[in-house]
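What follows is a short report on a single structure.
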Amino acid sequence: MRTHLCGELRLENVGQTVTLAGWVNRRREHGEHLAFVDVRDHSGITQAVVDNDVDVRSEYVVRITGTVVARTPETVKTNLATGEIELHDCSIEVLSAAEPPPFPLDERADDVDEMVRLKHRYLDLRRERMQRNLRVRSTVNSTIRNAMSGQGFVEVETPMLMPSTPEGAREFLVPSRQRPGNFYALPQSPQLYKQLLMVGGLDRYFQIARCLRDEDLRADRQYEFMQLDMEMSFVDVDDVLAAVEISVLDAAEAVTGVRPEAVPRISWHEAMETYGSDKPDLRFGMELVELTPVFSETGFNAFSSAEAIKGIKVEGGAADYGRNKLDGLTDEAKSFGAKGMVWLKVQGDGTFDSPVAKFISESETAALIETFSAVDGDLLLLIADDWMTTCEVLGELRNRVGRPPVSEGPYKYVWVVDFPLFVGVDSATGRPKPGHHAFCHPHTDDLDKLESDPMAVRAWAYDLVLNGWELGSGSIRIHEPDLQRRVFEILGIDEEEANRRFGFFLEPFKYGAPPHGGFAYGIDRLSAILAGEESIREVIAFPKPQSGLDPLTGAPGEVDESQLAELGIRLLPPAT
RNA sequence: GGUCCCGUAGUGCAGUCUGGAGUGCACGCCGCCCUGUCAAGGCGGAGGUCGCGAGUUCAAAUCUCGUCGGGACCGCCA
């Protein structure tokens with residue numbers, strides 16, 4: 001049907017008779033017998049010089065046969081790959097006529113209401129940006145597949161219909177026709193199956209897996225998303241990180257042409273201390289500064305009883321942050337759990353401009369400026385609270401004040417390791433809550449503290465972070481039934497409950513489970529960042545908006561009574 | 001479940017604070033002109049439930065309340 005793509009022709013093709021097929025990107029008329037038609041496909045655009053008696057308009061699908069001719073020097077278009085040639089003596093065949101598109105199919109559509117783009121996604125996809133993004137994603141997919149296969153991982157598909165395991169995210173349920181009143185759940189992740197594959201001796205498993213979670217949507221969250229899911233046997237933390245790292249760096253290199261440096265590691269505790277986040281963005285500094293000793297003798301009530309006092313320095317920020325902005329930051333700090341936020345503007349005479357300046361002694365003022373290496377015009381933001389709150393709130397403030405958009409380079413990967421095994425206390429049971437999940441292996445150095453000081457126990461659990469986005473997480477799993485029982489005990493899960501909730505999962509471990517661990521990371525997120533996008537919707541062909549309603553197909557929709565009857569489902573009247 | 005922002009022609013906007021006739025701009029669309037343009041140019045034209053519904057008012061795109069839709073974020077996402 002065609003001899004070349006629309007972006008292929010160059011000077012060396014001059015003289016050839018070629019046939020292109022694609023969409024009319026634009027037509028420019030010049031009188032009765034001359035018009036220029038730009039024909040476009042995914043590869044690019046070629047200009048055809050045609051007789052103006054042919055009626056072709058924007059987005060008509062055409063096939064053009066013509067002779068490749070070198071453009072005269074004054075008509076060469078340098079910003080077009082095919083700008084040195086054009087087609088002459090053209091014959092045009094209209095393959096499909098087209099109505100004018102509802103929005104421009106060039107970069108101007110970047111400003112169009114996303115809902116309009118999604119309603120006509122098939123048109124949006126014709127744009128260079130979307131073509132590039134979906135191809136970036138395809139490159140990511142094929143690269144990580146090769147990376148895993150090349151390391152001896154076996155690709156295994158796990159079921160989409162599985163039992164409901166309501167421990168984690170809210171699930172999508174699927175009613176069973178053959179057993180009315182019973183439900184499958186769509187997988188939040190292949191977690192259970194991949195561990196069973198290890199018991200099954202697959203040794204190294206991976207899957208480019210679709211996962212589904214019925215939780216509210218965000219720029220980095222969809223109901224459905226793709227993960228590189230992997231699990232390996234007879235390994236420790238280093239082995240898992242190394243295997244994952246190869247795939248991620250391969251993908252980045254394949255897309256950008258540059259292989260990132262080896263991914264640094266930081267412990268969870270250090271990440272919280274230094275960046276106030278378990279997904280630190282290492283592209284900028286503004287590290288948290290420890291101030292507790294500075295205020296050890298303080299008479300300032302807000303600080304005297306605090307477990308931890310820390311702060312960040314916004315260099316030269318005093319001028320940028322007026323009262324309104326500071327009040328906004330204070331409100332944000334409170335919304336993240338702080339009791340308040342202290343701001344101090346450093347002045348040239350070594351004093352502070354601040355509502356609370358009078359509560360801070362001269363020696364404390366001097367010590368603060370010394371500790372921060374602060375100079376005239378700097379803005380200091382201080383939080384005093386329990387250690388966790390202080391770190392987390394400052395981490396949020398640090399991001400608000402200093403963080404560039406996620407897609408802006410450079411790419412800064414980081415492993416966050418040694419997560420705590422337990423985080424917080426279940427308000428219902430009074431027991432510790434698992435930080436990752438109940439099957440996460442405690443750090444063997446901390447096993448003796450499991451019962452005596454559980455909150456201090458580290459886990460063999462780790463996250464991969466890129467530019468402040470959590471790409472994924474994983475852990476070494478518990479393969480020893482005795483250790484699993486100890487962890488369940490701390491969680492307040494007795495044997496009867498464990499068997500009821502996890503029986504089908506625990507039973508296999510009685511038959512010889514290898515030590516194993518794994519990881520999973522989000523392909524949508526990785527693709528978005530590598531494509532330079534702020535939202536994963538831009539690297540998904542047919543995403544859903546925040547409401548979860550599909551503007552293109554109208555899903556979800558009502559179904560026939562007969563379908564419901566077959567499933568044994570009767571609808572309640574709509575809630576009012 | 002919550003906070004904040006947005007909704008005016010096919011698209012992007014101005015107009016809204018301070019009420020006075022759908023007042024307007026750009027792109028696109030339709031027609032005519034145009035033989036070297038390339039986001040072509042010139043002339044002309046069509047195109048509006050100011051998201052929807054109440055309320056206040058002599059008068060509402062504009063003020064108030066409600067509602068629907070969209071976005072960012074918090075909660076949530078083991």
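Quick caveat: nothing in here was measured; it's all calculated off a predicted structure. Order of the sequence lines sets the chain letters (A, B, ...), proteins ahead of strands, with each chain counted from 1.
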Problem set entry | Between C1' of B:rA39 and CZ of A:R127, the distance in whole Å | 15 Å
Exercise. A:R537 side chain: which of B:rG70, B:rG36, B:rG71 is closest?
Worked result: B:rG71
Exercise. If we call it a pair only when both distances are under 3.5 Å in a Watson-Crick or G-U wobble match, what pairs with B:rC77?
Worked result: none
For this session: Give a yes or no on whether a donor-acceptor pair under 3.5 Å exists between the nucleobase atoms of B:rC34, that is its base, and the side chain of A:R28.
Result: no
For this session: Go through the steps for A:H269 and A:W387 under the test ring-ring contact (aromatic ring centres under 6.0 Å, His included), then give the verdict.
Result: CA-CA 11 Å; A:H269 193 268; A:W387 177 81; 4.9 Å; yes
Problem set entry | Below 4.0 Å: OP1/OP2 of B:rG70 and any side-chain N or O of A:S547 | yes
Exercise. Between B:rG36, B:rC76, B:rG70, which nucleotide has the shortest distance from any of its atoms to the side chain of A:L34?
Worked result: B:rG36
For this session: Could you label the plane-to-plane angle of the A:W268 and A:F419 rings as parallel, tilted or perpendicular, counting under 30° as parallel and over 60° as perpendicular?
Result: tilted
For this session: Take A:Y205 and A:D229, measure what side-chain hydrogen bond (donor to acceptor under 3.5 Å, both in side chains) needs, and give me the verdict at the end.
Result: CA-CA 8 Å; A:Y205 141 89; A:D229 190 54; 2.7 Å; yes
Would you list the protein and nucleotides 6-13 of chain B atom pairs, both N or O, that sit under 3.5 Å from each other?
{"residue": "B:rG10", "atom": "O2'", "partner": "A:P102", "partner atom": "O", "Å": "2.5"}
{"residue": "B:rU11", "atom": "O4'", "partner": "A:P102", "partner atom": "O", "Å": "3.3"}
{"residue": "B:rG12", "atom": "OP1", "partner": "A:D113", "partner atom": "N", "Å": "2.8"}

Exercise. Mind checking whether A:Y122 and A:H120 have parallel, tilted or perpendicular rings, split at 30° and 60°?
Worked result: perpendicular
Exercise. B:rG19 pairs with which nucleotide, Watson-Crick or G-U wobble, both distances below 3.5 Å?
Worked result: none
Exercise. Ignoring hydrogens and angles, are the base of B:rG69 and the side chain of A:Q546 linked by a donor-acceptor pair under 3.5 Å?
Worked result: no
For this session: Using whole Å, report how far CG of A:L80 lies from P of B:rU37.
Result: 15 Å
Problem set entry | Separation of B:rG28 P from A:E29 CD (nearest whole Å) | 13 Å
Exercise. Between atom CZ of A:F225 and atom CD1 of A:I536, what is the distance when rounded to the nearest 0.5 Å?
Worked result: 8.5 Å
For this session: Pick the P atom in B:rU35 and in B:rC13, then give their distance to the nearest Å.
Result: 38 Å
For this session: Can you tell me, in whole Å, how much space there is between the C1' of B:rG12 and that of B:rG48?
Result: 16 Å
Exercise. On a whole-Å scale, what distance lies between the P atoms belonging to B:rC5 and B:rC77?
Worked result: 28 Å
Exercise. If you measure from the P atom in B:rG66 to the same atom in B:rU3, how many Å do you get, rounded?
Worked result: 11 Å
For this session: Take the angle between the ring planes of A:F519 and A:W415 and call it parallel below 30°, perpendicular above 60°, tilted in between.
Result: perpendicular
Problem set entry | Check: B:rU37 base within 3.5 Å donor-acceptor of A:Q47 side chain | yes
For this session: Identify the nucleotide, in any strand shown, that forms a Watson-Crick or G-U wobble pair with B:rC50, with both distances under 3.5 Å; if there is none, say none.
Result: none
For this session: Between A:N79 and A:E86, just flag the one whose closest nucleotide in RNA chain B comes earlier from the 5' side.
Result: A:E86
For this session: Would you mind pulling out the nucleotide paired to B:rA59, Watson-Crick or G-U wobble, both distances under 3.5 Å?
Result: none
Problem set entry | Pairing partner (Watson-Crick or G-U wobble, both distances under 3.5 angstrom) of B:rC13 | B:rG24
Exercise. Looking at B:rC77, B:rC29, B:rA40, which one has an atom nearest to any side-chain atom of A:P100?
Worked result: B:rC29
Exercise. If we take the C1' atom in both B:rC29 and B:rA46, what is their distance in whole Å?
Worked result: 9 Å
Seminar exercise, completed: Only residue of A:H42, A:Q131, A:E59 satisfying side-chain hydrogen bond (donor to acceptor under 3.5 Å, both in side chains) with A:R126 is A:E59
For this session: Take the protein atom CD of A:E99 and the nucleotide atom C1' of B:rG28, then report the distance between them rounded to whole Å.
Result: 14 Å
Seminar exercise, completed: By the Watson-Crick or G-U definition, both distances under 3.5 Å, B:rU37 is matched with none
Exercise. With a 4.0 Å cut-off on heavy atoms, is A:T72 in touch with a base, just the backbone sugar-phosphate, or nothing at all?
Worked result: nothing
Problem set entry | Watson-Crick or G-U wobble mate for B:rG7, both contacts under 3.5 Å | B:rC68
Problem set entry | Rounded distance in Å between the C1' positions of B:rG75 and B:rG15 | 38 Å
For this session: Return no unless some side-chain N or O of A:S335 is found under 4.0 Å from OP1 or OP2 of B:rU3.
Result: no
Exercise. Using purine N1 to pyrimidine N3 plus N6-O4 or O6-N4 for Watson-Crick, or N1-O2 and O6-N3 for G-U wobble, both under 3.5 Å, which nucleotide pairs with B:rG44?
Worked result: B:rC30
For this session: Hey, can you tell me if A:H30 and A:F36 have their rings parallel, tilted or perpendicular (30° and 60° cut-offs)?
Result: perpendicular
For this session: Can you tell me the distance, in whole Å, between the CZ atom of A:F336 and the P atom of B:rG75?
Result: 7 Å
Exercise. Taking atom C1' of B:rG36 as reference, at what distance in whole Å does atom CZ of A:F36 sit?
Worked result: 4 Å
Exercise. Which listed nucleotide (B:rC73, B:rC29, B:rG1) is nearest to the side chain of A:R218?
Worked result: B:rC73
For this session: Please evaluate the base of B:rC38 for a donor-acceptor partner in the side chain of A:R71 within a cut-off of under 3.5 Å?
Result: yes
Problem set entry | Whole-angstrom distance between B:rC74 and B:rU64, as gauged at atom P | 29 Å
For this session: Working to the nearest 0.5 Å, report the span between CZ of A:R40 and CG of A:L5.
Result: 13.5 Å
Problem set entry | Which nucleotide in B:rC73, B:rG31, B:rG75 has an atom nearest any side-chain atom of A:R221 | B:rG75
For this session: Assign each of A:R525 and A:H33 to its nearest nucleotide of RNA chain B by heavy atoms, then name whichever residue's nucleotide is nearer the 5' end.
Result: A:H33
Exercise. Hey, does the side chain of A:R121 reach the backbone of A:A541 with a donor-acceptor pair shorter than 3.5 angstrom?
Worked result: yes
Problem set entry | Distance, P atom - from B:rA61 to B:rG22, rounded to whole angstrom | 6 Å
For this session: Quickly work out the A:K544 NZ to B:rC77 P distance and round it to whole Å.
Result: 21 Å
Exercise. When we call it a touch if two heavy atoms are under 4.0 Å apart, what does A:A438 touch: a base, just sugar-phosphate, or nothing?
Worked result: nothing
Exercise. Contact class for A:E107 vs. all strands (heavy atom < 4.0 Å): base, sugar-phosphate, or nothing?
Worked result: nothing
Exercise. Between A:D550 (CG) and B:rG69 (C1'), how many Å, whole number?
Worked result: 15 Å
Exercise. Would you say A:R26 reaches B:rA39's phosphate, i.e. side-chain N/O to OP1/OP2 under 4.0 Å?
Worked result: no
Problem set entry | With A:T75 via side-chain hydrogen bond (donor to acceptor under 3.5 Å, both in side chains) - residues at least two apart | A:T72
